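Keep in mind that this is a model prediction, so the values were computed, not measured.
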Amino acid sequence: MNQSKVFLFDGNCDFCQNLVKTLETKLKPKTTVFRSFRNITESEMKDLLPTLTLEICESDPQLIWNKKRYPGFFAIRQLLFDCPRGYLFIPFLYIPFVPLIGMAVLYFLRRFKT
């Protein structure tokens, strides 16, 4: 069963809003639903994924797909499969230590956002 992808982000964060705007323009139409976790209730979160909490959503952007949670870098890597030219970058993102670097970059971008 192929459920729709839901990308949860912090609607109060400029970095997250810019990330979503970029992803919306790059992704194939209607493959992912983008929602601010600030605008959904706890029960809606639990409907998406029973283990999903506000604290988890505040830590990183989250991709929920097929009852699995992909946090931060892994969410963006998963979304690249829906980009027209994403296949060019996907193999690079699976090289050892690249996910660690990606998580660190995402952490620092979020930490020093304006």
Side-chain angles (χ1 to χ4, degrees):
M1 175 161 107
N2 193 11
Q3 298 174 342
S4 65
K5 296 177 183 178
V6 179
F7 187 81
L8 297 175
F9 66 99
D10 186 351
N12 295 340
C13 166
D14 290 335
F15 170 73
C16 296
Q17 289 177 353
N18 290 333
L19 175 63
V20 167
K21 285 178 188 173
T22 301
L23 289 171
E24 285 177 327
T25 61
K26 302 293 183 196
L27 295 178
K28 294 175 188 170
K30 300 182 183 184
T31 57
T32 305
V33 176
F34 294 92
R35 294 187 67 187
S36 169
F37 71 84
R38 304 276 182 200
N39 298 333
I40 62 175
T41 64
E42 281 285 330
S43 62
E44 287 177 305
M45 276 190 205
K46 296 296 180 195
D47 289 341
L48 288 172
L49 192 67
T51 58
L52 196 61
T53 64
L54 183 62
E55 292 79 26
I56 290 173
C57 290
E58 286 177 335
S59 67
D60 273 323
Q62 306 289 322
L63 177 67
I64 311 300
W65 182 43
N66 289 334
K67 295 296 181 184
K68 293 181 186 172
R69 180 177 66 89
Y70 300 89
F73 169 82
F74 302 100
I76 295 167
R77 181 172 72 179
Q78 194 67 29
L79 287 175
L80 279 177
F81 283 97
D82 293 332
C83 285
R85 288 184 219 115
Y87 65 90
L88 298 172
F89 301 100
I90 291 169
F92 171 73
L93 299 177
Y94 282 91
I95 293 174
F97 299 109
V98 170
L100 293 175
I101 295 167
M103 290 185 306
V105 167
L106 192 59
Y107 171 79
F108 285 111
L109 287 174
R110 250 191 358 263
R111 183 147 168 90
F112 299 111
K113 65 184 185 245
T114 55

Quick one: does [X]'s side chain get under 4.5 Å of [Y]'s, heavy atoms only?
{"X": "Ile76", "Y": "Leu19", "result": "yes"}
{"X": "Ser4", "Y": "Thr32", "result": "no"}
{"X": "Tyr70", "Y": "Leu79", "result": "no"}
{"X": "Tyr94", "Y": "Ile90", "result": "yes"}
{"X": "Leu106", "Y": "Phe74", "result": "no"}
{"X": "Gln17", "Y": "Val20", "result": "no"}

State the CG-CG distance between Asp60 and Leu8, to the nearest 0.5 angstrom.
12.0 Å
Rounded to the nearest 0.5 Å, what's the gap from SG on Cys57 to CG on Leu48? Could you check?
8.5 Å
Of Trp65, Phe37, Phe34, the residue whose pairing with Phe7 passes ring-ring contact (aromatic ring centres under 6.0 Å, His included):
Phe34
With side chain to side chain contact (heavy atoms under 4.5 Å, CB included) as the test, pick out the partner of Met45 among Ile64, Ile56, Leu54.
Leu54
Quick one: does any side-chain atom of [X] pair with a main-chain N or O of [Y] as donor and acceptor, under 3.5 Å?
{"X": "Arg69", "Y": "Leu49", "value": "no"}
{"X": "Lys46", "Y": "Leu52", "value": "yes"}
{"X": "Glu42", "Y": "Thr53", "value": "no"}
{"X": "Gln78", "Y": "Leu63", "value": "no"}

Given the rule in the side-chain contact (heavy atoms from CB on, under 4.5 Å) test, do Asp10 and Arg38 qualify, once you have shown the distances and angles that lead to the verdict?
CA-CA 7 Å; Asp10 186 351; Arg38 304 276 182 200; 2.9 Å; yes
For Pro61 and Ala75 the tightest heavy-atom approach is O-CB, 4.5 Å
Write down the atom of Pro99, the atom of Arg77, and the distance for their closest heavy-atom approach.
CG-NH1, 3.8 Å
Would one find more than 12 heavy atoms of other residues, nucleotides or ligands at under 6.0 Å from atom [atom1] of [X]?
{"X": "Lys67", "atom1": "NZ", "answer": "yes"}
{"X": "Phe92", "atom1": "CZ", "answer": "no"}
{"X": "Phe81", "atom1": "CZ", "answer": "yes"}

side-chain contact (heavy atoms from CB on, under 4.5 Å) evaluation trace for Lys5 with Asp82
CA-CA 11 Å; Lys5 296 177 183 178; Asp82 293 332; 2.8 Å; yes
State plainly whether one hydrophobic cluster holds both Val33 and Phe9, where clusters connect Ile, Leu, Val, Met, Phe, Trp and Tyr through side-chain heavy atoms under 4.5 angstrom apart.
no
